[in-house]
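What follows is one structure encoded as structure tokens, with my remarks underneath.
Ligands are counted one by one from 1 in listed order, and the atoms in each one are counted from 1 as well. Everything quoted here is computed from the prediction, not taken from an experiment. For the numbers below, each heavy atom of this structure counts, side chains included, while hydrogens, waters and symmetry mates do not.
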Amino acid sequence: MTENYKKIKQIYEGKAKKLYTLKGHKDLLLQEFKDDATAFNALKKGKILNKGIINCELTTFLFTYLRKKGVRNHFVKQVSANEMIIDRLKIVPIEVVVRNIAAGSLLKKTNFKEGHQLAKPIVEFYYKDDSLGDPMISDSHALAMKIATEKDLKTLKQMAENINTILKPFFLKRGLKLVDFKLEFGKDKTGRIMLGDEITPDTCRLWDKKTNKKLDKDRFRFDLGGVNEAYAEVRKRILGK
Ligand SMILES: Nc1ncnc2c1ncn2[C@@H]1O[C@H](COP(=O)(O)OP(=O)(O)OP(=O)(O)O)[C@@H](O)[C@H]1O
Ligand SMILES: [Mg+2]
């Protein structure tokens with residue numbers, strides 16, 4: 001039986017997505033993916049061709065794959081080209097970043113050169129607060145701010161590492177190096193932590209296995225050209241279309 005999902009009200013418009021409540025489903029939301037792209041805390045703005053559709057399809061595919069591998073996540077069902085139903089979560093205001101290869105802001109915190117293969121994946125926490133510019137925080141900052149418990153932090157780290165272990169070979173088989181990525185987690189109505197948000201070329205650094213060509217949002221961030229083509233290429237490699 002096909003369920004009927006009727007949007008009631010937009011409750012949030014972010015930089016990449018919109019969230020709506022649904023008639024008769026108080027524990028679910030509809031997540032709409034936009035073509036809008038931003039970088040550097042929204043100082044740079046633009047659009048990427050078909051990004052809404054590509055990111056919705058990729059998130060659908062990856063969250064379905066992760067669920068099969070036992071990763072609890074918010075994905076329920078894709079309902080249009082760029083819309084999906086998700087479990088409503090209370091988002092933990094911590095962005096969890098996992099790194100396999102040195103790139104981006106890690107180059108400012110260490111002496112690693114871009115492309116350096118890390119001896120062991122690095123997991124970092126960032127406080128989700130636009131007014132502060134999402135600063136990196138330690139476990140003690142999170143505990144002092146009471147944004148997560150010791151147990152929550154352990155779960156976030158374990159889930160992030162597990163997701164990395166699953167996705168690294170997945171991307172590599174498709175000719176892509178998973179350089180680093182950002183995850184968001186939240187609690188469902190029973191208080192269990194699950195993966196939320198999205199996994200897309202907006203939130204992952206993906207490099208071509210052979211040439212190290214960047215196939216992600218860095219092309220937009222740094223005006224490297226071929227932005228639309230990079231998103232289309234990732235779509236083709238993952239979804240075959
Ligand atoms: N399952 C969920 N339940 C409730 N909120 C969610 C869920 N998954 C993701 N979100 C939140 O929905 C919003 C998605 O919008 P978007 O990614 O465009 O936000 P953003 O501009 O990156 O802003 P920010 O992440 O700083 O809020 C984010 O705030 C994200 O934390
Ligand atoms: Mg976001």
Query - salt bridge (Lys or Arg N to Asp or Glu O under 4.0 Å) evaluation trace for E233 with R219 - result: CA-CA 13 Å; E233 179 64 26; R219 301 207 75 81; over 6 Å; no

Report task. Go through K34 and E32 one step at a time and tell me if the salt bridge (Lys or Arg N to Asp or Glu O under 4.0 Å) criterion holds. Result -> CA-CA 7 Å; K34 306 191 291 179; E32 176 191 324; over 6 Å; no

Query raised in the report: After noting the C-alpha distance and the side-chain angles of R237 and D208, does the key distance pass the salt bridge (Lys or Arg N to Asp or Glu O under 4.0 Å) rule?
Result: CA-CA 11 Å; R237 293 201 197 179; D208 179 78; 2.9 Å; yes

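Heavy-atom proximity to L29, at under 4.0 Å, picks out these atoms of ligand 1: 3 (N), 4 (C). Here is the list of ligand 1 atoms found below 4.0 Å of a heavy atom in K128: 24 (P), 25 (O), 26 (O), 27 (O), 29 (O), 31 (O).
In terms of protein heavy-atom proximity, atom 13 (C) of ligand 1 is nearest to Y12 CE2, 3.6 Å. In terms of protein heavy atoms, atom 16 (P) of ligand 1 is closest to K17 NZ, 3.7 Å. Nearest protein neighbour of atom 4 (C) of ligand 1, counting heavy atoms only, is L89 O, 3.3 Å. In terms of protein heavy-atom proximity, atom 9 (C) of ligand 1 is closest to D197 OD1, 3.4 Å. Closest to atom 7 (C) of ligand 1 among all protein heavy atoms lies I91 CD1, 3.6 Å. Given atom 22 (O) of ligand 1, the protein heavy atom at minimum distance is K15 NZ, 3.8 Å. Protein heavy atom nearest atom 30 (C) of ligand 1, with residue, atom name and distance: E184 OE1, 3.3 Å.
Between the side chains of D188 and T190, at least one donor-acceptor pair of N or O atoms lies under 3.5 Å.
Of all the heavy atoms in D197 and F63, the pair that sits closest is O-CZ, 3.8 Å. In terms of heavy-atom proximity, F220 sits nearest to T38 at CE2-C, 3.8 Å. When every heavy atom of I101 is checked against every heavy atom of K177, the shortest pair comes out as CD1-CD, 3.9 Å.
The N/O atoms of I86, backbone and side chain alike, include none that comes under 3.5 Å of an N/O atom in ligand 1. For ligand 1, the polar-atom distance check finds an N/O of D87 within less than 3.5 Å of one of the ligand's N/O atoms.
Residue D134 does not touch ligand 1, judged by heavy-atom distances below 4.0 Å. Contacts between H74 and ligand 1, counted as non-hydrogen atom pairs separated by less than 4.0 Å, involve the side chain only.
Here atom 11 (C) of ligand 1 lies nearest to L19 when heavy atoms of T38, N41, N55, L19 are compared.
Each of V227, V234, N228 was checked for a side-chain contact (heavy atoms from CB on, under 4.5 Å) with Y231, and the lone residue meeting it is V227. When each of Q31, K7, Q78 is tested with E83 by the rule side chain to side chain donor-acceptor pair (under 3.5 Å), just one qualifies, namely K7.
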